[in-house]
Amino acid sequence: MNKEENEAVAEGGVTPLVGKDGSIYCLPIIGQIEGHFALDSNQKSTKYDHILPLLAAIEESPQVDGVLILINTLGGDVEAGLAMAELIASLSKPTASIVLGGGHSIGVPLAVSARQSFIVPSATITLHPVRTQGVVLGVPQAFDYLEKMQTRIVRFITDHSRIEEDTVRKMLSRTDMLVNDIGSILDGYEAVNCGLIDKVGGISDALAFLHGMKNGISGS
């Protein structure tokens with residue numbers, strides 16, 4: 001790697017993977033998704049204001065043949081996460097995501113936003129209702145806002161995966177899996193069996209899909 005690529009890895013973990021079959025851009029989404037408010041410097045975070053222009057540059061770059069998205073996130077800012085997911089979903093370049101460790105909360109739309117999603121067997125996905133911090137007024141408008149936000153997330157998930165809306169909503173409302181909340185925890189195989197994630201697999205599977213897309217080979 002040259003100096004610029006080394007700096008990219010040191011600063012954000014992003015790097016182009018150049019091989020005989022083309023150049024794949026590696027994009028990690030780790031820690032918490034940082035939105036309009038900066039997180040504590042001790043926390044690992046993915047800053048959406050860094051990712052959005054980076055994705056725009058990837059779309060415009062003739063040297064990038066595909067994007068590999070590595071996901072290990074606790075979730076975070078909902079609107080920032082959705083913005084990133086929408087931009088990934090709108091890329092014309094082949095995209096593949098791998099859930100490693102965990103893809104929780106708003107990490108779920110990010111996982112399914114790629115053209116093909118993978119999850120390693122030991123990874124988990126947590127689906128739970130939208131949470132909010134601080135004081136919430138107990139008025140109908142506040143609950144309507146939360147429900148509309150939840151609907152946006154559910155719609156994105158169902159539009160970019162094989163899971164049905166009723167199934168997602170049932171998973172969001174389970175009371176027997178999380179100690180301090182309602183929702184569901186899925187391992188890699190469960191996430192694929194319910195249609196949320198496309199395939200159980202790792203980096204070789206994701207790269208094979210990306211190179212196959214580049215060469216006109218179906219990844220299904």
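Quick note: numbers below take in every heavy atom, side chains included, and nothing from hydrogens, waters or symmetry partners.
Residues Arg174 and Asp176 are paired through a salt bridge, judged by an N-O separation under 4.0 Å between the basic side chain and the carboxylate.
Here the OG-CG distance, from Ser23 to Leu210, works out to 11.0 Å after rounding to the nearest 0.5 Å. In this structure, Phe118 CZ and Ile203 CD1 are separated by 11.5 Å, a value rounded to the nearest 0.5 Å. To the nearest 0.5 Å, atoms CD1 (Ile98) and CG (Asp205) are separated by 8.0 Å. For the atom pair Ile58 CD1 and Leu27 CG, the distance stands at 6.0 Å (nearest 0.5 Å). With values rounded to the nearest 0.5 angstrom, Phe156 atom CZ is found 9.5 Å from Ser161 atom OG. Put simply, OG on Ser97 and CZ on Phe209 are 9.5 Å apart, with the number rounded to the nearest 0.5 Å.
Of all the heavy atoms in Ile182 and Pro129, the pair that sits closest is O-CD, 3.3 Å. The minimum heavy-atom distance between Val120 and Gly202, with the atom names listed, is CG1-CA, 4.3 Å. Annotation for Val192 and Lys199: closest pair CG2-C, 3.5 Å, computed over non-hydrogen atoms. The nearest pair of heavy atoms linking Gln32 to Gly76 is OE1-CA, 4.4 Å. Counting all heavy atoms, side chain and backbone alike, Pro94 lies closest to Asp65 at CD-O, 3.2 Å. Residues Ile69 and Ile29 share a closest heavy-atom pair of CG2-CD1, 3.7 Å.
The ring-ring contact (aromatic ring centres under 6.0 Å, His included) pairs that include a residue from residues 48-87 are His36-Tyr48, where partners are two or more places apart or lie in different chains.
At most 12 heavy atoms of other shown residues, nucleotides or ligands fall within 6.0 angstrom of atom CZ in Arg155.
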Practice task
List the steps, then state whether side-chain contact (heavy atoms from CB on, under 4.5 Å) holds for Ser113 with His160.
Solution key: CA-CA 6 Å; Ser113 64; His160 295 87; 5.6 Å; no
How far apart are the C-alpha atoms of Gln150 and Ile153, what are their side-chain angles, what is the distance that settles it, and do they pass the side-chain contact (heavy atoms from CB on, under 4.5 Å) test? CA-CA 5 Å; Gln150 188 67 71; Ile153 295 169; 4.3 Å; yes
| field | Verdict with supporting geometry, Leu172 and Ser184, side-chain contact (heavy atoms from CB on, under 4.5 Å) | value | CA-CA 6 Å; Leu172 290 171; Ser184 299; over 6 Å; no
Pair Ile71-Leu100, side-chain contact (heavy atoms from CB on, under 4.5 Å): steps then yes or no = CA-CA 6 Å; Ile71 296 174; Leu100 304 156; over 6 Å; no
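At a threshold of 4.5 Å between non-hydrogen side-chain atoms, the residues Val108 and Leu127 count as touching. Counting only heavy atoms from C-beta outward, the side chains of Ile33 and Leu110 approach each other to under 4.5 Å. Side-chain contact check for Leu70 versus Val99: every heavy-atom pair is 4.5 Å or farther apart. Counting only heavy atoms from C-beta outward, the side chains of Leu196 and Arg162 never approach each other to under 4.5 Å.
Panel note: side chain Lys93, backbone Ser61; a donor-acceptor pair is recorded below 3.5 Å. Looking only at distances, no side-chain donor or acceptor of Thr167 sits under 3.5 Å from a matching main-chain atom of Ile163. Of the possible donor and acceptor atoms, none in the side chain of Ser105 sits under 3.5 Å from a partner among the backbone N and O of Gly107. Under the 3.5 Å distance criterion, the side-chain polar atoms of Thr73 are matched with a main-chain donor or acceptor of Gly31. No donor-acceptor pair under 3.5 Å is formed between the side chain of Thr95 and the backbone N or O of Ala114. Using a distance-only test at 3.5 Å, with no hydrogens or angles considered, no donor-acceptor pair links the side chain of Arg152 to the main chain of Glu147. Judged by distance alone, with hydrogens and angles left aside, the side-chain atoms of Ser173 form a donor-acceptor pair with the main-chain N or O of Arg169 at under 3.5 Å. Looking only at distances, no side-chain donor or acceptor of Ser45 sits under 3.5 Å from a matching main-chain atom of Lys47. In this structure, the side chain of Lys44 does not engage the main chain of Ile30 through any donor-acceptor pair within 3.5 Å.
Follow the hydrophobic side-chain contacts under 4.5 Å out from Leu74 and you never reach Ile185; the two are in separate clusters.
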Determine all donor-acceptor pairs shorter than 3.5 Å in which one atom belongs to a side chain in residues 77-88; sequence neighbours excluded.
{"residue": "Asp77", "atom": "OD1", "partner": "Glu79", "partner atom": "N", "Å": "3.2"}
{"residue": "Asp77", "atom": "OD1", "partner": "Ala80", "partner atom": "N", "Å": "2.8"}

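Judged by distance alone, the side chains of Glu59 and Ser92 do bring a donor and an acceptor atom under 3.5 Å apart. Ser117 and Asp198 share a donor-acceptor pair across their side chains, judged by distance under 3.5 Å alone.
Taking His104 as the reference, nothing meets the ring-ring contact (aromatic ring centres under 6.0 Å, His included) condition, with sequence neighbours excluded.
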